[in-house]
Amino acid sequence: MPISLPIVGEREPARSDLPPQTPQKVYFVSLGCPKNQVDTEVMLGVVRAGGHSLVDDPELADTLVVNTCGFIDAAKEESIETILELARVKAGAAEAGAGPKRLVVAGCLSQRYPTELADEMPEVDHFLGSADMLGLQTVLGGAAQRMGVSPLDRRSWLYDHSTPRQTYGAGHTNYVKIGEGCDRPCGFCIIPKLRGPQRSRPVFDIVQEVHALVGAGTREICLVAQDLTTYGTDLGARGLAPSNLEGLLDALGEIPELRWIRLHYAYPTAVTDGLIERIATHPKVATYLDVPIQHVDTGVLKKMRRGYTERTVRDLVERIRAQSARIWLRTTMLVGHPGEDEAAYQRLREFIAEGEIDHLGVFPWSREDGTTSAMQPERVDDALANARATELMELQAGIREQKFAAMQGDLIEVLVDGISDESELLLDGRHEGQAPEIDGKVILLDGTANPGDFVQARIMQTTAHDLIATLDLDREEP
């Protein structure tokens, strides 16, 4: 999405050692996942630290930047369309004699197809890969030669607390990337080639960043990585103090004024009892876990190279529910993978129908060059895969309706996000089981509160995706 001004939730760049440059006006479009958003925020920090300015109209920019996604076909198509759209802006400016504009393509698509894009898109002035965010400094400094993509290895760049970073969006909630890359061999996934091998940030470094964010007004942090649950396994081999996710949560839990720590992208086989206990009982760890299960049929999981079975999945859900019935569980499922016959699909459908999943995303398998799944036989027809995805989402919609009905009358704690999209007379917020942008919201009918406030609210009604509540003014928290 385009980065619109003004940017809120900003913090001053932590570095002041960047050389002076001729001021440039820069326009950004950021696509893809929250991890990509963090990368974009680093590049925004580079812009500000270099004395440049951000604009929200590409016609006014000297430099146009697209941070791309290259994960699946739909994301690649969106990235290409955005690049071509900005290339037309650049060409139009040249025809009008408005002066040269530079077009920069960054991120996962550049990393995935560095040679092909460089050959087929001469209108792009520079390419930056998924570990080249700081290279934007050189671009803005007037790099004469076309910049290319860096290869990825264990020593590839990873941002730290001293890296310039300019957060955007709601200042009271922010993503924190605790590691980069992935070592898992999942057959359908191209991420290791887009992001490289796993590199974890040291605990001290993450704590320093979160301290700075909280000092600037952040109340909720969403921890992201390709796999949170293998956090720290590489630190010892890199000569750093070893740690794990549980130790990191303990350290972050000591930060005053931080209220919610939310966990995204855990791996099913690596969710420990200690992690579940912290989610259930730690006052600052949100009772929420995002764990992509992908499937439950053992045969399909084997073809996916996930390294676990249906029993593993069911054991995980049983351990979570045994610790607490009110841990909000988000997952994704992949349908139509090679080898998913009708019996395998029905096992998945039966699992969803049991109602243990609170938030669900279902995606048809996409053939991705360079993955082992792309070479497997027993393909599922695209139309059938899409029909299965639709059926599962409709099934989950009914389950969500039942879960919402059971919540009516409940008193919940809500983090206020701001004025509602529905009306300026309403407020939008989220309860502990709702992550930003993906899990619906709580619409507050009355009262006043500021973004970042935590309030008590009573659920009065529900819609297909959202809860409607009234503030319990007698129990409102500061």
Check: residues 80-90 side-chain donor-acceptor pairs under 3.5 Å, at least two apart:
{"residue": "T82", "atom": "OG1", "partner": "E78", "partner atom": "O", "Å": "2.8"}
{"residue": "K90", "atom": "NZ", "partner": "E123", "partner atom": "O", "Å": "2.7"}
{"residue": "K90", "atom": "NZ", "partner": "D125", "partner atom": "OD1", "Å": "3.3"}
{"residue": "K90", "atom": "NZ", "partner": "D125", "partner atom": "OD2", "Å": "2.8"}

Test item: side-chain donor near acceptor, [X] and [Y], under 3.5 Å:
X: R201; Y: Y231; answer: no
X: E350; Y: Q346; answer: no
X: T233; Y: Q198; answer: yes
X: T312; Y: D315; answer: no
X: Y113; Y: K76; answer: yes

- More than 12 foreign heavy atoms under 6.0 Å from CZ of R184: is that the case here? yes
- Are C189 and T371 close enough that some pair of their side-chain heavy atoms sits under 4.5 Å apart? no
- Query: Heavy atoms, side chains only, cut-off 4.5 Å: are L31 and S79 in contact?
  - Reply: yes
- Note on the structure: By salt bridge (Lys or Arg N to Asp or Glu O under 4.0 Å), E246 pairs with (sequence neighbours left out) R278
- Task: Return the minimal non-hydrogen interatomic distance between E340 and L334, and the atom names on each side.
- Result: OE2-O, 4.2 Å
- Query: Do the side chain of R319 and the main chain of I276 share a donor and acceptor less than 3.5 angstrom apart?
  - Reply: no
- Return yes if some donor-acceptor pair links the side-chain N/O of D132 with the main-chain N/O of S150 below 3.5 Å, else return no. yes
Could you pull out every donor-acceptor pair under 3.5 Å between side chains of residues 287-294 and any protein atom, sequence neighbours left out?
{"residue": "Y288", "atom": "OH", "partner": "D439", "partner atom": "OD2", "Å": "2.6"}
{"residue": "D290", "atom": "OD2", "partner": "H264", "partner atom": "ND1", "Å": "3.2"}

- Message: Check whether Y265 forms a cation-pi arrangement with R330 (NZ or CZ under 6.0 Å from the six-membered ring centre, at most 45° off the ring normal).
- Response: no
- Relative to each other, are the rings of W328 and H431 parallel, tilted or perpendicular (30° and 60° limits)? tilted
